[in-house]
Each structure stands twice: as C-alpha cells, then as structure tokens.
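In what follows, a single structure is set out as structure tokens and then discussed.
Computation of the quantities below employed the complete heavy-atom set of this structure, encompassing side-chain atoms and omitting hydrogens, waters and symmetry-equivalent molecules. Below, read A as the first sequence line, B as the second, and so on, with proteins coming before strands; counting in each chain starts at 1.
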Amino acid sequence: MQKITTPAKYDVLIIGAGVVGSAIARELSKFNLRIGVLEKNIDVGLECSSRNSGVIHSGIHYKPGTLRARVDVEGNSLMAHLCDELKVKYKYCGKLTVAQKKHEIPELQELYDQGCKNGVKNLKIINLAEMQKIQPGIQGTAALHSPTTGIVNPYALTIALAENAQANGANILLDHNVCGIKHDKNGFKVKCTNDTELSSKLLVNSAGLFSDKICRMLDIEEYKIYPCRGEYYVLDKRLEGSLKTLIYPVPGHDASGLGIHLTNTVDGNILIGPSNEYVNKCNNYDTTEKIMEQLRKEGRELLPGLSMADFIRSFSGLRPKQTPPEKGGFKDFVIEKRQDVPGFINLVGIESPGLTSAPAIAHMVRDFVAEDLHLERKNEFNGTRPDFSSHFNELSIDKKIALVAENPDYGEIVCRCEHITKKEVLDAIRNPLGARSIVSLKYRARIMMGRCQGGFCLPRLTHILETEYGKDVSNYIYNGLEGYLFTGRVRDTINN
Amino acid sequence: MKKRTLTCVVCPNGCELEVCLDNKNLISIEGSTCKRGYKWAKQELTDPRRTIASSIAVDNGDWPLVSVKTDRPIPLTDIAKVMDAIKAVRVQAPIKLGEVLISNAAKTDTSIIATRNVVKL
Amino acid sequence: MKTEKRSIVVIGAGPAGLAAAIAAYNAGAEDILILERDTRLGGILNQCIHDGFGLHYFNEALSGPEYAQRFIDKLRDTSIEIRSDSMVLSLTSERVLEVSSSSGYSRIEAKSVILAMGCRERTAGAISLPGSRPAGIYTAGAAQNFVNMQNIMIGKRIVILGSGDIGLIMARRMTLEGAKVEEVLEIMPYSSGLPRNIQQCLNDYDIPLHLNTTVLQVHGRERLEGLTLAKVDEKHHPIESTKRYIQCDTLLLSVGLIPENELSRQANVNLHPITGGAYVNENLMTSTEGIFACGNVLHVHDLVDHVSEESELAGQSAVKYAAGKELKIDKEMIKLTPGNGVRYCLPHQISGKNDVIISLRVKEPNRNRHILIHENNHNIAKEKIVRLHPAEMLRINVKASNLKSCREIKVSIA
C-alpha cells in the first residue's frame, strides 16, 4: 500500500470516492494541488458505482439543453481514451431500443430527434430485417440503433481512477465517514467519525446517495435524495455471444428507470434488469423474491433457451433520485458552485448517466476549481496504469507462456471458474489503496464471480491470505468492518 | 409407555421399526425382517453407540489438523468427554495413517486414531 | 508450445480419476497421465473425515481420507504419472488439452480422455436467496473445507438449509466443534439425507429438522444476523401465517450438487438435462469419440463405492479405445429411458451384446416395489427393492442374453 502524507491543509477535499469523485480526483491530480478524497466505506465505488449496468450511454434519453444531456455526450466521447490510459475494459457494442408495437414508433422518432439535438452521432431508425442482421432472432417492429452506446466495467473504472489519482499524489482516505463540516472565510473543516479532522480550501460534494446529507451539514436544505432500488440478475458466461448488442424496450413516459433490459458485460456475463422500486433507506440493497421472479420470467422471454442454472447471482443498486415516489421521472443533475457557501462545489442526484458523465463532470469541477485556485499542470503526471487491461486468461497464448516463465504465480489458477491466477490475486491483495475486504479483491481480480461464487476459490484464497494478512483469521472481512468471515480457529497449533 | 419409530441402518432395506418402551425397558419391536435388525434396535434403544470423527491439532505439519476417528463405537453419552480429550491434545508431525494418537480417551477404552498421513514441514 | 502426445489422460485425481487410472493400468495401458488442479490427490474425500466410505468396496467403514489413501497407495505400484497443481484450461473434441501450472503451460494430445472433474455446490445466488448479502453464508462443502482442512471456524450460531447428507454431516461436525446448530430446514416434505444421518447427526444432538420450510429473507448488513423462515405448501409457496424469525450468524447451504462440465461443453460433449452430466453409452463414452466420463461429473453419486466401480469401467473402456477398438454404438443401438417413477437412468445407449449395470434414481420415496427393466410389456429384468429413495442411487445388473432384439428399453417402478 502507498504511504500517505497528510498535508496541514488540503486545496480540495472531495467527499465520496465513487466513479465521479474518483474521476474528479484524478483530473485534479494533473495539477499541483493537495487533493484528498474522503470515502466512508472500506473501498472505493461500493455504492452506486459498482451496482449498475455498466453502460456508456449515447445520450438519446435526455432532454436537450439539460446538464445531463451535455455531460453524458461529452463523457461518452472521452471514455475510450480514458479507459485506454487506465487499462480498463470497455466495448462500443451499440444498442437497439426496440419498439414492439406500432404505437411505440413515434417514441422512437422522439428519441432519435432528441439524440440528434444532443449531438449523438450515427443514430438510425431501422426495420426488423436490419435489426435481425445485428441481433439474429430479435422480435419487434422497429428499433433505434445507437452505435455510440457502449459497456464498461464500472467498478474496475472506479478503482482505476482512484488508484491512478493516488499514484499522482491524491490521498484516497478510506473509512473516512464525514459527520460534520464547519465553514468560514478560510475554507472548510471536515470532521469524520473516526475522529479525524481535515481542513481544505475547497470542498466537493460527490457523496451520491448521501449528497443531501452533506448539504444539510452546511445548512443547505433544498435537496433530498430518494433512493430507488434496481434489482439485477447475472447470467452465466456460457451465454456469452448470444447478445450482440444491448437491447432495451422503449421507455414509458414517466418511468423512473429505463425498463428491464438485457446488457452484456465486458467480462462475458449478461445482466437482466434493473427493476424500479423506491425504498426507504440508502443502504437497502436487499433483493426480493417478487422482483427476482419477474426478472426470471422476462429473462426467459427475451432469451429463449435460458435455463434456471444460468441465473448465477442477483444484486441490487440504488439510484440517488431527486424526485419523490409520487412523482417519479427524472430531475436534471445538480453540478453547481454555491454562492451562499463560497468554495463549495455541489453535486446532487447524479444517477444514470453518472457513469458515462464522470469524465465530463470532472472537467466541469476542474473549471470550477480554476475559478478559485491557480491550476499549474504537473509535469510528472502519469495517466497510464501498468500491466494489461484484460484478465490474464484473455491474453494470447504466447503472452501467457512468456509471463508464466517470468513469474510462476501466473501459472497457478486460484479461481477455477474464471481462470484467475495467483499473481492477479496477489496484485489485488497488495492494492495501493490498502483495501482489504473480500469484495475489494472480487472487484479487482474477479475472483469469486463465477459459477461457484466462491465455493472453491474462497478456501484457496483464504490460504493465500494467511500469508498476506497474517494468521488471525478473525480479522478477515467480507464487505465492511463488521463483516467478519470467520470467528477464529478450530484448534490452536504452533503455526497459528 | 412410549412408542417410537426407528429406521434400521444395518442394511440398505432400512426397515421401519415400531418399538414400545417403558423407560429404558424394551417391551416390543415390530417391523424388523431379520435378526440383525432386532439386535441393532435393542442396542440402539438401551445403549446407543457411535463412532465419531474429528480433528487433532498438529504442529509443524503440512496440514494444521489431522483427521481422527474413534477405533470403535462409543456410548452416545461419552461423546462429549471424548471430544474434550481430542480438543485438549496437540501432536507433532509426522503422523502416519492408523497411528494411535490418544489411547483410552477419557477412560472409555477407545483409542483415537489418525485417518490421514501428515508430513513434517 | 510443443504438443505432448499421450495415450490416456485423466482429468481429476479424486476417487473417480484415481479408480479410472488404476483400472486403465490394470487393463494394460502403459502411458497414463492424471492432471489434478489441487495440490493433493483424493479430491473431495480429503475433507470428508466422517466414516461410511468403503462399506461395499472394501467391506470396511472408512473415512474419506482413508478411502482415498487406499487408491493413492495403489498408484505407487503403477507407472501412472501424476501432475498436481495443474489445471486443464481447455479441451477440444479432438482431445487436445491446454494445461496451466506454475511450471508453465503445456499442450497435450490424448488418444483417450477420462472426465473425472466431480461437481460443484449450488450457490445462494443460484437459489436466489432474497434479502441482504452479508458475510456468513457458506455452502456446506466450503464450510467443511474450512473446518476440516484449514482449521478455521466459520460461526457460532448456525442454520442449515437443505437436509441432504452434506448438510446433515456438517450439522454434527459444527456441533462437535462447539457451535450451536439451531435447526435444519428442508423445502420438501421428506429429507434427502440417509436415515442413519438423520439419527446420528440430528436426533443424537437434538437438532430439529423442519420439513416444508424455506428461507424467505436474509437479514444482516455486514454479517448475517437472522433469517425469516416460513412453511411452504405443495407448490413451494410460503404460508404467510407460518412466518417466523430466527437469530443466527451463519447459514450453511446444502441445496444440491452440479456436475462440473465446463470442459465437456468445450469438447462438444452432449449433456443430459436432468443429470447435468454427459450422455454416455455402456462403455461410458460420451457423444465425443474417445472422451469418457465417470463419477460425479457424469451423475452425482451418494456412495463413493459406486464411483469407484463406475470409474473402473471408464478406465477399461479408455484403454480399449486408445488401442483402436470401436466403442461407438450406432447400429442396432438400444435406447434406455426412464419410465414410471424413475427420474433418470444411465447409460443412455447400450449395444445389447454385453452385460450392463444400469444406474438409476427414483422420483419419490417408496417401499416394497419392483424396479422393472422392460420393453413395452416384455420384462428384461425385475428386482424387488424394499426401500426406494431419490437420495439413494440403485444399480441393477442386466444380462446380455436378456437384451436380444430390443430397441427401446424403459426403466420403471412397478
């Protein structure tokens, strides 16, 4: 883990290390500024950023002139270069928004017009024959084809942004839960529940689901977040290749989401979902039998040949909506520099397309920062990450042979379902942010994400952890500081 | 008087035996199709016995634990104290499969024997 | 990368692979290679420290490690080559394997391949357990690995979902190690475990078994805190009035085993939808020539003794094939299908020229019935079975002489 030096006063403190906060940190780390990111969880990106469809949206769904439309289209154009630099997997696989019935075609036309106004390129409304050329067997009357829609691994992107920001001098402070903020003409004093207090000239609120809570610490009362849960199913990789492009239905007019759809992931799984249900707590990530049954039913309709064994896991995410349940729909992003609290850059309600927009939002925040601070480019900024973007098992056979000869740990398979090697697991364990939960290792090395869901690899992984983390197994955590995996030993031996 | 149903485990037929008990006294057994089943039921009701398997801590071995078993079925009521004896002991590698690791465990006559080999590191 | 040409390659050194390899050696093969992805030989037997193994095969009550050691000892007298810590990454229908190990990559071309990869456990994700995702939910086999092999204790207050033998064995194991096993839950109206295990793992320790019960919701943010349970009706729908909450910190899942056929799929082996394993003929050859299957990867067994017997046949067949014998059954093949009351039967194709052992499982528990092997009304074999249970595989011997001029045989309960 990298050593962190704490400055007496930060230039910019960012609250929240989701994909947006991490993108902001990386962008600001290009300049000679003292940057800190306060993340309440034990790793970056554990909330909205890792729990979504991973879609790089084209921009057809947003009202022209809105902030959402602007940052999405801009973010979409920046994503390829960013992912290439950070060695994050992505793919521009395109999307078909499908009208099943004739009466939905005017909506397709609306989306087309909207997209064009937003500057989305290469949109086309196509007929069934053309649809079937792209996705054999698909049914429908017509579809809007958006080739600039893509997919990316959202947690890999968040981790890459944060780790690269840290490599360039930003301090990513995990387990720093902000509980109080004091503000005067000199800047901000931020207090965390772990008893640390940090000062900063400027403060960025990138706290996602908790952005309204942060606002209230500064007596800004006008925002409220309504968490809206979306449940997903993950399908087995054996279906890889059956989905050539993303397939979405035409959304209803005031739907709170985009409707249940099928999404490829860059790792070869298919996601079904998300559903749409307002919940009462910002940490209610439960999945429900009712929704899962619905997803199973719709999945089997959309993908004939699907068997029960193909559903390997379900998960859920929460949308930080600004509209209450009785209203639904969407409100535009809030990305503002507050006049009433000078130096406070406030981001509220960054739900979809927050992932796509992250690089563009980072630019906006950089420009806000430039209004107050002098931005001097760092010569030694290195925006690229080492190694390879794919997992080891996706490399060519010659590359693999060469790497194994150099490092035998590349020859030992730890995760049998996903063919993840010991070296990749060690790299994940030794990550520069110092994240040490099993979920952190999952998101970095992909271990435990296959069919056996850890049945085989968790024991093997634990064996490696005994060497890396020490023999006190009661210290190993799954997803949070209270999420202990084990209670201790069966017997005491000299070796533990 | 108590009635109980037991599934005999002597052979795969798994006969369902209806037994009548008066405290520990066996009044009748019905449903057994062979003598062995009758014998087994009698033993099971008056003095049930089990072999148990567990682990003993190993120092300096390629396994941290050596799997062990009792060398004979022991009274059900003795299991707790035999387990205590197993938990209290630590052995040194190397261990050979079949080796007696504890004799006369908890004064029950049973030996605790290793069921796997452990190599010394 | 050079291609190594080998005669017999066995994937897996668990009980199936070991028995197959030794049988191949005894049948005269001189070049046999076993590829095992773990460091040790013995497969799942290493963690099954309880007894009950070998009652048929050795006439003794052995623990898993002891049973495995009998076969590992036999290896010493053979020329069988074993590569452990070696994982087969891919298998083609031309029997070309790519293998990864820390000593490097290798490509092997085999005359015969024996699939002996065993199975994996059904997961929480696969049964869509509703609720949160805390730490403390383990499959029973993974828990067994931690407790018996790695000296790690997984929890203090345990609920077990699924009354199959693995769950029952772990109920006893955890109790002996000082945990409190609150209850064992089973969604069916009967347990899928052996009666001996119900007595010796649950009744002995006063652990209640709740039939017709399932988990409605998992509670706990970071570590499991409790479960909402309910009884279910015949359609497995929860009965609202029976909902209750139980406090616990660990949930063990014993909800089924799935044969590990990922390599088989790559080699175009046709898989049977009910067993999850390969379609095989009486030589245990799959739909891909020269590829054989045995043990849990073919169909989930309950007795390792049967695994050993079955795998010996696979080993012998693999040797015949490597020596050039035609083992495909095309002409005059007899199809075998399950009839009344039978869930599946195996092999799926027989020649009628050889004696054959038919393995089968019944759909429901029953007593004092006959297993009938018949073509329409013509009986080929009939055997009285006193106790029938889905959890207990039956194996019936059929003589070749009884199979003359058959085309399609059914296996039924009468």
### Query
For the atom pair CZ (F456(A)) and CG (D38(C)), what is the distance rounded to the nearest 0.5 Å?
9.0 Å
### Summary
Whatever's closer than 4.5 Å to a heavy atom in chain C on E466(A) counts as side chain
### Approximate separation, where rounding is to 0.5 Å, of L458(A) CG and F146(C) CZ
4.0 Å
### Message
Evaluate T487(A) against T250(C) for side chain to side chain contact (heavy atoms under 4.5 Å, CB included), listing each step before the verdict.
### Response
CA-CA 11 Å; T487(A) 52; T250(C) 309; over 6 Å; no
### Task
Identify which of G125(C), S86(C), G131(C) forms the greatest number of heavy-atom pairs closer than 4.5 Å to chain A.
G131(C)
### Task
Under 4.5 Å, counting heavy-atom pairs only, tell me which of G155(C), P273(C), G136(C) racks up the most with chain A.
G155(C)
### Query
If you measure from CG on D286(A) to OG on S132(C), what distance do you get to the nearest 0.5 Å?
5.0 Å
### Message
Taking every non-hydrogen pair under 4.5 Å, which of L485(A), L481(A), D236(A) racks up the most with chain C?
### Response
L485(A)
### Query
Do you know the tightest heavy-atom contact between S101(C) and V404(A)?
O-CG1, 3.8 Å
### Charged N-O contact under 4.0 Å between R489(A) and E177(C)
no
#### Entry: Whether R223(C) side chain and E482(A) backbone form a donor-acceptor pair below 3.5 Å
no
#### Entry: Residue pair T462(A) / I152(C), side-chain heavy-atom distance below 4.5 Å
yes
### Message
Less than 4.5 Å apart, side chain to side chain, heavy atoms only: is that true for E289(A) and L216(C)?
### Response
no
### Query
Can you find a side-chain donor-acceptor pair between R133(C) and S314(A) that sits under 3.5 Å?
yes
### Query
Counting heavy-atom pairs under 4.5 Å to chain A, which of T139(C), I258(C), N145(C) comes out on top?
N145(C)
### Task
First locate atom CG of D398(A), then atom CE of M1(C), and finally report the distance between them rounded to the nearest 0.5 Å.
8.0 Å
### Query
Using non-hydrogen atoms only, which part of T123(C) is less than 4.5 Å away from chain A: side chain, backbone, both, or neither?
side chain
### Query
Given a strict heavy-atom distance threshold of 4.5 Å, which part of L403(A) is in contact with chain C: side chain, backbone, both, or neither?
neither
### Query
Under a 4.5 Å heavy-atom cut-off, does chain A meet the side chain of L129(C), its backbone, both or neither?
backbone
### Task
Please look at Q150(C) and chain A and tell me whether the side chain, the backbone, both or neither of the residue comes under 4.5 angstrom of a heavy atom of that chain.
both
## Note on the structure
Output for pair (M153(C) CE, S474(A) OG), nearest 0.5 Å, gives 13.5 Å
### Task
Taking only Lys NZ, Arg NE, NH1 and NH2, and the carboxylate oxygens of Asp or Glu, determine whether R451(A) and E260(C) approach each other closer than 4.0 Å.
no
### Message
If you count heavy-atom pairs within less than 4.5 Å of chain A, which of R221(C), E121(C), K156(C), M149(C) leads?
### Response
R221(C)
### Query
Is it the backbone or the side chain of N148(C) that comes under 4.5 Å from a heavy atom of chain A, or both, or neither?
neither
### Query
Are the side chains of P130(C) and T288(A) in touch, meaning some heavy atoms are under 4.5 Å apart?
no
## Note on the structure
Correct closest heavy-atom pair for A135(C) and G483(A) would be CB-O, 3.7 Å
### Query
Which bit of R265(C) is near chain A, if near means a heavy-atom gap under 4.5 Å: side chain, backbone, both or neither?
side chain
### Summary
Answer key: most heavy-atom pairs under 4.5 Å with chain C among H419(A), R460(A), R416(A), M292(A) is R416(A)
### Task
Can you tell which part of N151(C) gets under 4.5 Å to a heavy atom of chain A, answering side chain, backbone, both or neither?
both
### Summary
Rounded to the nearest 0.5 Å, the OH atom of Y105(C) sits from the OH atom of Y410(A) at a distance of 11.0 Å
### Message
Could you check whether atom CZ of R244(C) has more than 12 heavy atoms from other residues, nucleotides or ligands sitting under 6.0 Å from it?
### Response
yes
### Check against side-chain hydrogen bond (donor to acceptor under 3.5 Å, both in side chains), S128(C) and Y233(A)
CA-CA 9 Å; S128(C) 314; Y233(A) 250 116; 2.2 Å; yes
### Task
Report the C-alpha distance between Y484(A) and D249(C) in whole Å, list the side-chain angles of each, state the deciding distance to 0.1 Å, and finish with yes or no for side chain to side chain contact (heavy atoms under 4.5 Å, CB included).
CA-CA 10 Å; Y484(A) 64 92; D249(C) 65 15; 3.9 Å; yes
### Query
Are Y478(A) and E222(C) close enough, and set up right, to give a side chain to side chain contact (heavy atoms under 4.5 Å, CB included), and what steps lead you there?
CA-CA 8 Å; Y478(A) 177 65; E222(C) 296 184 7; over 6 Å; no
### Message
Please check this pair: side chain of S102(C) against backbone of G411(A), looking for a donor-acceptor N/O pair closer than 3.5 Å.
### Response
no
